[in-house]
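Below is one structure, written out as structure tokens, with a few remarks after it.
Values below: all heavy atoms of this structure, side chains included; hydrogens, waters and symmetry mates excluded. Being a predicted model, the structure only gives us computed values, none of them experimental.
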Amino acid sequence: MSSRRALHFVFKVGNRTETAKFYRDVLGMRFLRHEEFEKGCDAACNGPYDGKWSKSMVGYGPEDKHFVIELTYNYGIGSYQMGNDFKGITIQSPNVLGNAKQNGYTVTQEGNLNVLTSPDGYKFFIDDKESNGDPVKKVTLASSNLKKSVDYWSNLCEMKIYSQDDKCAVLGYSDNQCKLELVDIGIKLDHAKAFGRIAFSCPRVQLAEIQDRMKSANQTILTPLISLDTPGKATVEVIIVADPDGHEICFVGDEAFCELSQVDPQADKLLDEAIAADKSDEWFQKKGISKAAA
């Protein structure tokens, strides 16, 4: 499906100050958009929370040509319990390891992989060399049954299988896009509270087709086809489904999303202003209590 694109992965974060430093100063990304919301998202973009929250998109370039990260911050929540569902994101860059050293971040090893962990506990695998194209190469998720997972992603989501063995499979929509890697861990997945979501775009007309296909196969539809409004910006249509292990997948209509995802030159300023205006850390410290842990 060359008309489909890998867009972003959603993380919940509890410390925007340290998180912003990590993505800017260590990974070397830039903020592309920042938005503040007074109530929860109708498609649970910020998780199952109803209060004030923010969304920040960060990456190595515009989302129409790069795979980026969506950082969701729920005011009042300082941390999220990690599960065993997310394994890591692979980045190819000759600069990240040096940036990590300069900023006091520890680089660990898993086999032959350099591993950096974000302030909220998410792993990044760093391939220390120049990238051809987008530095973000793949998202790695756990699977409890690789055959079942591959069947779902290749047949129902119509992804191309790039490689596969008994323990691992790599899939994607295009040779030059970020890939999805599935790793069989042999046990049931626990998504805990920090569970994320991966997003793809497709022509708007395909959204209803995806929904019908999932219904016919008796697969989980978390959010039936819905329109989401962003004040002053495009209204996008999405459907959110879940694979056999419960990994959340968002398909969004490409035409409106291309308009919505335009880079905002004020993104850094808006994020910094929101961080400065957020006095929740000071309030909790003054009260002698900690922010809630989800």
Side-chain angles (χ1 to χ4, degrees), residues 5-38 41 45-47 52-75 77-78 80 86 88-93 95-96 98-100 102-105 116-124 126 131 133-137 139 177-178 194 196-199 201 228 230-234 236 250 252 257-281:
R5 293 187 298 119
L7 297 177
H8 58 256
F9 195 86
V10 182
F11 289 137
K12 301 182 188 73
V13 300
N15 186 327
R16 283 191 300 185
T17 301
E18 292 304 316
T19 293
K21 288 179 182 178
F22 177 78
Y23 284 92
R24 285 170 174 156
D25 300 340
V26 179
L27 296 185
M29 294 180 175
R30 66 185 177 113
F31 281 89
L32 309 170
R33 305 194 306 281
H34 176 77
E35 295 157 316
E36 295 279 328
F37 303 92
E38 293 299 322
C41 172
C45 301
N46 61 315
K52 184 177 179 180
W53 67 289
S54 74
K55 174 172 70 177
S56 306
M57 311 302 294
V58 62
Y60 290 105
E63 200 167 355
D64 57 353
K65 297 185 182 300
H66 298 78
F67 189 86
V68 308
I69 308 297
E70 178 177 321
L71 304 171
T72 62
Y73 170 75
N74 290 291
Y75 283 79
I77 299 180
Y80 298 86
F86 175 79
I89 289 178
T90 298
I91 292 176
Q92 195 172 87
S93 168
N95 305 315
V96 173
N99 293 342
Q102 291 178 6
N103 287 275
Y105 275 82
L116 268 175
T117 303
S118 77
D120 287 278
Y122 304 111
K123 288 183 178 180
F124 290 83
I126 309 302
S131 171
D134 184 7
V136 182
K137 297 304 180 184
V139 175
Q177 290 184 22
C178 176
R197 175 185 290 173
I198 192 166
S201 70
L228 299 177
T230 299
K233 297 185 179 182
V236 298
C250 176
V252 56
F257 188 79
C258 282
E259 180 183 343
L260 176 69
S261 63
Q262 294 298 306
V263 175
D264 182 356
Q266 298 297 312
D268 276 300
K269 178 175 179 288
L270 291 172
L271 173 59
D272 289 340
E273 288 176 349
I275 291 174
D278 181 3
K279 304 299 183 182
S280 59
D281 286 334

Given V136 and T90, is the side-chain contact (heavy atoms from CB on, under 4.5 Å) satisfied, shown in steps? CA-CA 6 Å; V136 182; T90 298; over 6 Å; no

Starting from the C-alpha separation in whole Å, work towards a yes-or-no answer on side-chain hydrogen bond (donor to acceptor under 3.5 Å, both in side chains) for Y73 and N46. CA-CA 7 Å; Y73 170 75; N46 61 315; over 6 Å; no

Taking atom CG of N95 and atom CD of Q102, what is their separation to the nearest 0.5 Å? 10.0 Å

Is there side-chain contact between I91 and M29, with heavy atoms separated by less than 4.5 Å? yes

Is the closest side-chain donor-acceptor distance between D120 and T19 under 3.5 Å? yes

Trace of the side-chain hydrogen bond (donor to acceptor under 3.5 Å, both in side chains) decision for K123 with S118: CA-CA 6 Å; K123 288 183 178 180; S118 77; over 6 Å; no

For the student: nearest non-hydrogen atoms of I89 and I69, plus distance: CD1-CD1, 3.5 Å

Quick one, C45 and W53 - any side-chain contact, counting heavy atoms below 4.5 Å? yes

Sequence neighbours excluded, which residues qualify as side-chain contact (heavy atoms from CB on, under 4.5 Å) partners of Q262? none

Separation between NE2 of H34 and CG of D272, rounded to the nearest 0.5 Å: 9.5 Å

What one should report as the nearest heavy-atom pair of L260 and V236 is CD2-CG1, 3.8 Å

Could you go step by step and tell me if T117 and Y122 meet the side-chain contact (heavy atoms from CB on, under 4.5 Å) rule? CA-CA 5 Å; T117 303; Y122 304 111; over 6 Å; no

side-chain contact (heavy atoms from CB on, under 4.5 Å) between V58 and L71, worked out: CA-CA 8 Å; V58 62; L71 304 171; 4.0 Å; yes

Is R16 close to Y75 at the side-chain level, that is, under 4.5 Å between some pair of heavy atoms? yes

Out of curiosity, D278 CG to E36 CD, how far, rounded to the nearest 0.5 Å? 8.0 Å

Heavy atoms, side chains only, cut-off 4.5 Å: are R30 and L32 in contact? yes

Going by salt bridge (charged side-chain N to carboxylate O under 4.0 Å, His left out), name the residues that satisfy it together with E63, two or more places apart in sequence or in a different chain. R33

To the nearest 0.5 Å, atom CD1 of I77 lies from atom OG1 of T72 at 9.5 Å

CZ (F31) and CE (M57) are apart, to the nearest 0.5 Å, by 10.5 Å

Drop me the distance from S261's OG to H66's NE2, to the nearest 0.5 angstrom. 12.5 Å

Does any part of the side chain of V139, heavy atoms only, come nearer than 4.5 Å to the side chain of C178, both counted from C-beta? yes

Yes or no on side-chain contact (heavy atoms from CB on, under 4.5 Å) for F124 and L27, after CA distance, side-chain angles and deciding distance? CA-CA 9 Å; F124 290 83; L27 296 185; 3.9 Å; yes

Are S56 and E70 close enough that some pair of their side-chain heavy atoms sits under 4.5 Å apart? no

Are F9 and F86, when compared by the centres of their aromatic rings, separated by less than 6.0 Å? yes

Is the distance between the ring centroids of Y105 and F22 less than 6.0 Å? yes

Looking at side-chain heavy atoms only, is the closest gap between V26 and Y23 below 4.5 Å? no

Check: R5 and Q177 side chains under 4.5 Å, non-hydrogen atoms: yes

E18 and R24 ion-paired at < 4.0 Å: no

